[in-house]
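Counting starts at 1 for both ligands and their atoms, in listed order. Just so you know, residue 1 is the first one in the sequence shown, and it goes up from there.
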Amino acid sequence: PGKKVLIVYAHQEPKSFNGSLLRIAVEELTKQGCIVTVSDLYAMHFEPRATRNDIVGHMHNSKEFNYGVETWEAYKRGGLSTDLVEEQRKVQEADLLIFQFPLFWFSMPAILKGWMDRVLVQGFAYDLTKSYDGGLLQGKSSLFSFTTGGTKEMYSKGGIGGDIRYVLWPMQHGIMHFCGVKVLEPHICYAPENVSEEKRKEMLTAWTQRLKTLWKEEPINCSPEWYFK
Ligand code: FAD
Ligand code: ZN
């Protein structure tokens, strides 16, 4: 109770399966006494593009634009655009970050990738000598909850898509672990569009059940072996 959760949600349709998974998480965690915040990226018309507009006021180098350098400098002087400052505040306050989205091209939807690109600025989420276990967002956990079009069989080691863990490597290790955030087991709902109504209900119940004991979970050992062994 009292734990703070930020759910970053990337689906256009509230009636979608992802929408149902989001509502379940908000309801269950709220019921537990958690303080839940949702960033509903499409509803917010979240800007996914990393551009000059993210810097307010003067450029560190006005002759040649470098997004990484400019956002780092802007972060230090409090010159990031207000939408980024707001998302960073939500991240800073959260104990747990949940990402809820449909798998797009073996990855996250562009709007969510844009959130990662723009919010996790150098100086805020990591720094030159502060990455991975030393990342600046230490003390937080993350959970990738997503749906697929493909079946579980397709996303197995011998399957056509390969082990689903391969697609988790950039997201969990390359982003969250890089920033010092612990990673909980992902939550994957396979092919909700192509299963029976009964199976869909089962998947939603499984999510509710998992959330009930979420705070007792240990993070995964987020290292190359977890993904590729
Ligand atoms: P929906 O279609 O919204 O939901 C499925 C069904 O569940 C619907 O009939 C809905 O009405 C129903 N439902 C919703 N709520 C409930 C409820 N409470 N109880 C019972 N039923 C409910 N897939 C891959 O595997 N790999 C890829 O690389 C990939 N790339 C993609 C790229 C793009 C650009 C796109 C558009 C899709 C891609 N997909 C891929 C497929 C995509 O991942 C799936 O379409 C998506 O995950 C399905 O989730 P959804 O929430 O949109 O499903
Ligand atoms: Zn890792």
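With a 4.0 Å cut-off on non-hydrogen atoms, Pro102 touches ligand 1 through its backbone as well as its side chain. When heavy-atom distances to ligand 1 are checked against a 4.0 Å cut-off, Met154 has no atom that comes that close, whether in backbone or side chain. Here Lys15 has backbone heavy atoms under 4.0 Å from ligand 1, and that is the only part of it that gets that close. Contacts of Glu193 with ligand 1, taken as heavy-atom pairs under 4.0 Å, involve both backbone and side chain.
The side-chain tip of Arg165 does not point at the ring of Tyr155 from less than 6.0 angstrom away and within 45° of straight on. Because its NZ or CZ atom is not both nearer than 6.0 Å to the ring centre of Trp115 and within 45° of the ring axis, Lys113 does not count as a cation-pi partner of that residue.
Counting only heavy atoms from C-beta outward, the side chains of Val38 and Leu22 approach each other to under 4.5 Å. Taking the side chain as every heavy atom from C-beta outward, Glu153 and Tyr190 never approach each other to under 4.5 Å.
Looking at Glu198 and Lys201, no side-chain N of the basic residue comes within less than 4.0 Å of a carboxylate O on the acidic one, giving no salt bridge. Look at Lys157 and Asp163 and you find a salt bridge, because one of the NZ, NE, NH1 or NH2 atoms lies within 4.0 Å of a carboxylate O, short of that distance. With respect to the salt-bridge test (charged N to carboxylate O, under 4.0 angstrom), the residues Glu27 and Arg23 do not qualify. Lys212 has a carboxylate O that lies under 4.0 Å from a charged side-chain N of Glu28, or vice versa, which qualifies the two as a salt bridge. Under a 4.0 Å N-O distance rule, the pair Glu217/Arg210 qualifies as a salt bridge. Between Asp83 and Arg118 there is a salt bridge, since at least one side-chain N of the basic residue sits less than 4.0 Å from a carboxylate O of the acidic one.
When hydrogens are left out, the protein atom nearest atom 19 (N) of ligand 1 is Lys201 NZ, 3.0 Å; that is the closest non-hydrogen contact. Regarding atom 7 (O) of ligand 1, its nearest protein heavy-atom neighbour is Arg200 CD, 3.0 Å.
Proximity to Asn18 (heavy-atom distance under 4.0 Å) selects the following atoms of ligand 1: 49 (O), 50 (P), 51 (O). Annotation for ligand 1: atoms under 4.0 Å from non-hydrogen atoms of Thr147 are 43 (O), 46 (C), 47 (O), 48 (C), 49 (O). Below 4.0 Å from some heavy atom of Gly150 lie the following atoms of ligand 1, by number and element: 24 (C), 25 (O). For ligand 1 and Phe106, the ligand atoms under 4.0 Å from any heavy atom of the residue are 27 (C), 28 (O). If you number the atoms of ligand 1 from 1 as listed, the ones under 4.0 Å from a heavy atom of Gly149 come out as 23 (N), 24 (C), 25 (O), 41 (C), 42 (C), 43 (O), 44 (C). Close approach of ligand 1 to His11 is summarised as follows: ligand atoms under 4.0 Å from at least one heavy atom of the residue are 50 (P), 51 (O), 52 (O). Of all atoms in ligand 1, numbered sequentially from 1 with element shown, those under 4.0 Å from a heavy atom of Glu197 are 20 (C), 21 (N).
Neighbouring protein atoms of the Zn ion (ligand 2) (N, O or S, distance under 2.8 Å, waters ignored): His173 ND1, His177 ND1, Cys222 O, Cys222 SG.
Taking the ring centroids of Tyr166 and Tyr227, they lie at or beyond the 6.0 Å cut-off.
Considering backbone and side-chain N/O of Leu204, none are found under 3.5 Å from N/O of ligand 1. Among the atoms of Leu103, some N or O lies under 3.5 angstrom from an N or O of ligand 1.
Considering only non-hydrogen atoms, atom 24 (C) of ligand 1 lies nearest to Tyr155 out of Tyr155, Phe101, Phe146. Residue Phe17 holds the heavy atom nearest to atom 13 (N) of ligand 1 of all those in Phe104, Phe17, Trp105. Summarising the contacts of atom 18 (N) of ligand 1 with Cys189, Pro192, Ser20, the nearest heavy atom is found in Ser20.
In the displayed structure, Lys76 atom NZ is contacted under 6.0 Å by more than 12 heavy atoms of other residues, nucleotides or ligands. Annotation for Lys140: atom NZ counts as buried by contact number, over 12 foreign heavy atoms lying within 6.0 Å.
Aromatic ring orientation, Phe146 versus Phe101: parallel (interplanar angle below 30°, classes split at 30° and 60°). Ring geometry, His177 versus His173: the interplanar angle exceeds 60°, so the pair is classed perpendicular (tilted spans 30 to 60°).
Under the 4.0 angstrom criterion, atom 29 (C) of ligand 1 counts as having a protein heavy-atom contact.
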